[in-house]
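Beneath this line is the structure, given in structure tokens, with notes to follow.
Here the structure is a predicted model, which is why all the values come from computation and not from measurement. Lettering of chains follows the sequences in order, A, B, ..., and the numbering in each one begins at 1.
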Protein chains: 2
Amino acid sequence: MGTTQLEAPQEPKYWHLKTVLGDALDSEFAVGEVLPNERELAARFGVARATLRQALEQLELEGRLQRRRGVGTTVAPPRIGVSVGPAQGSWPGEGNDAWRAIGCAEAPAPANVARLFGESARDDRAVHTIRRVRMTHAQPVATELLYIPPASVPGLPELLSPGAHAQAVLRELHRLELEGEDRAVELGSARAEDAKQLERLPGAPVLLVTTRYFASGRVAAASVATYRADTCRLTFGDAGAMQITHHGPNGNSEQRHAS
Amino acid sequence: MGTTQLEAPQEPKYWHLKTVLGDALDSEFAVGEVLPNERELAARFGVARATLRQALEQLELEGRLQRRRGVGTTVAPPRIGVSVGPAQGSWPGEGNDAWRAIGCAEAPAPANVARLFGESARDDRAVHTIRRVRMTHAQPVATELLYIPPASVPGLPELLSPGAHAQAVLRELHRLELEGEDRAVELGSARAEDAKQLERLPGAPVLLVTTRYFASGRVAAASVATYRADTCRLTFGDAGAMQITHHGPNGNSEQRHAS
DNA sequence: TAGTGGTCTAGACCACCTG
DNA sequence: AGGTGGTCTAGACCACTAG
């Protein structure tokens with residue numbers, strides 16, 4: 001032996017670890033089962049805890065693990081498919097879409113949101129801002145800020161209790177005919193406020209879904225929703241019944257696709 | 001002073017750092033500008049390099065920074081909006097959709113893909129597998145594996161060169177009438193193979209877009225596309241012209257939405 | 001109170017790019 | 001060759017959860 005060892009250690013330790021752990025999860029662990037703690041795992045694999053943690057972070061990012069401070073690391077269930085596409089309730093709050101309003105306010109839209117409404121509403125007054133949470137299987141999967149310009153809900157009743165006010169704004173909004181929607185998805189990290197509602201730590205990876213609702217030839221409402229990236233798979237179209245993808249066990253697909 | 005310091009150091013250093021750096025990016029740096037190197041930044045802020053790196057990682061995750069080994073850390077341009085929704089070329093490869101086939105093969109579908117085709121094709125023979133890359137602004141933004149069962153392309157000509165074969169399969173596919181599509185988006189990390197094509201390191205955060213194409217009352221094709229999460233914003237519908245969201249400067253939206 | 005994951009440090013070496 | 005970011009180590013302490 002000696003220098004004859006031609007192994008390719010090009011592969012970082014944490015990457016190799018991730019693979020090994022991932023395989024172990026598929027073959028030796030059941031969903032919900034708790035793994036040994038980080039210090040023991042690190043010792044068992046002969047690496048520093050920081051290195052072990054790098055591997056765990058990746059697996060958590062891929063939705064295979066769930067870590068909770070003070071509790072432990074458990075094997076995560078497959079991601080939940082949550083429908084965000086059209087072909088459903090159309091307007092926000094229409095149909096049984098599992099959103100729950102938890103607050104509302106009237107304030108000038110922040111710059112990034114004002115942009116969604118286009119040039120027209122540049123110097124607009126305060127917009128109705130509704131904060132909602134989306135629950136699935138008794139777990140919070142998303143928070144959302146819904147922005148509705150006063151012009152979209154002209155016939156609004158008197159000042160009401162915060163809860164009732166949100167209901168009233170949505171009800172008024174539904175009187176309009178929805179002409180179409182627009183959507184964008186990007187990666188982000190949870191702001192402190194959102195993180196708390198999603199029961200995650202600040203900075204946790206999230207999927208930001210920005211939506212524009214069109215009616216009366218203009219943007220009648222807009223929203224920015226924050227979905228937990230670890231537990232959610234966003235579905236569009238009638239993909240509700242689509243099976244999981246789960247970059248998993250044999251999903252590694254080590255075939256030649258080459259050239 | 002002394003114990004009178006009631007500051008809330010609950011906020012982790014890296015989180016605070018991220019905020020400070022983020023603000024600095026907006027006010028003092030131009031897109032493309034290179035930041036001081038990590039060792040100097042760490043010293044300047046009085047933290048260990050690992051802590052500084054945690055902040056940079058977050059900013060990179062949010063698409064605000066771009067780091068390249070051996071080169072440096074630069075301020076990233078706003079994310080590129082790439083259209084993935086319907087209302088475009090419909091079939092993959094139809095229209096000018098900036099995809100370029102770089103290889104193809106016939107092999108049994110991996111388990112996770114076979115699932116997309118439903119029960120019917122459980123024990124199916126090899127499927128056509130086409131690997132494509134999507135370019136935008138001369139940069140690779142996505143790689144894709146397109147799976148097409150032989151049944152979907154019956155009239156396929158003789159064995160051709162790898163490149164021509166991919167073209168032929170797609171051309172045959174276009175003869176079918178597309179009845180609808182299905183889509184799911186989730187967070188993942190780049191496999192080594194994809195990472196290379198996307199000019200990123202293995203494990204880089206990506207958005208996995210799984211699509212099913214329906215024709216003749218069944219799934220005629222399916223694909224798993226891997227988009228760079230740092231540089232891309234996926235758009236659906238006619239959101240092509242939608243302005244950036246950019247969780248940015250004043251986007252922090254420190255208003256009360258409370259209850 | 002004991003045990004977990006989360007944060008932080010101060011170093012070291014490596015892989016990669018550029019001049 | 002020199003500088004960059006990427007990986008890794010071996011510690012320490014903190015915040016949280018649970019029995």
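Residue Thr51(B) places no side-chain N or O under 4.0 Å from the OP1 or OP2 atom of dT7(C). The shortest distance between the side-chain N/O atoms of Thr73(B) and the OP1/OP2 oxygens of dG5(D) is below 4.0 Å. In terms of phosphate contacts, Arg53(A) brings a side-chain nitrogen or oxygen within less than 4.0 Å of OP1 or OP2 of dG6(C). One finds no side-chain N or O of Arg68(A) lying less than 4.0 angstrom from the OP1 or OP2 phosphate oxygen of dT4(C). Phosphate contact (OP1/OP2 of dC8(C), side-chain N/O of Tyr14(B), threshold under 4.0 Å): absent.
Here dT9(D) is the nucleotide among dT9(C), dT9(D), dT7(D) with the atom lying nearest to any side-chain atom of Lys13(A).
In this structure, CG on Leu17(B) lies 10.0 Å from CD on Glu11(B), to the nearest 0.5 angstrom.
Across the protein-nucleic acid pair, Trp15(A) atom CH2 and dT7(D) atom P stand 10 Å apart, rounded to whole Å. One atom, CG of Leu65(A), and another, C1' of dG5(C), lie 13 Å apart when rounded to the nearest Å. Rounding to whole angstrom units, CD of residue Gln58(A) and C1' of dT7(D) are separated by 13 Å. Remark: C1' of dG6(C) and CD of Glu57(A) are 10 Å apart, rounded to the nearest angstrom. Between Arg39(A) atom CZ and dG5(C) atom P there is a gap of 7 Å when expressed in whole angstrom units. Remark: C1' of dT7(C) and CZ of Arg67(A) are 12 Å apart, rounded to the nearest angstrom. Taking atom CG of residue Asp230(A) and atom C1' of nucleotide dG5(C), one finds them 15 Å apart after rounding to whole Å. Note: CG (Leu59(A)) to C1' (dG5(C)) measures 16 Å, nearest angstrom.
Side-chain contact check for Ser189(A) and Glu62(B): at least one donor-acceptor pair (N or O, by modelled atom type) lies under 3.5 Å.
The residues Asp194(B) and Arg200(B) are annotated as not salt-bridged, no charged nitrogen and carboxylate oxygen being separated by less than 4.0 angstrom.
On a pure distance criterion of 3.5 Å, a polar donor-acceptor pair joins the side chain of Arg49(B) and the base of dG6(D). Contact of Arg69(A) with dG3(C) (side chain to base): no donor-acceptor pair of N or O atoms is detected under 3.5 Å.
If Ala50(B) and Asn37(B) are placed on DNA chain D by their nearest nucleotide, the residue sitting closer to the 5' end is Asn37(B).
Searching all strands for a Watson-Crick or G-U wobble partner of dG19(D) with both distances below 3.5 Å returns nothing.
Ring orientation note: the planes of Tyr227(A) and Trp99(A) are nearly perpendicular, at an angle over 60° on the 30°/60° scale.
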If you apply the rule salt bridge (Lys or Arg N to Asp or Glu O under 4.0 Å), what do you find for Arg134(A) with Glu144(A), and how did you get there? CA-CA 8 Å; Arg134(A) 181 172 183 171; Glu144(A) 180 191 55; over 6 Å; no

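Using a 4.0 Å heavy-atom cutoff across all strands shown, Leu56(B) reaches no nucleic acid atom at all.
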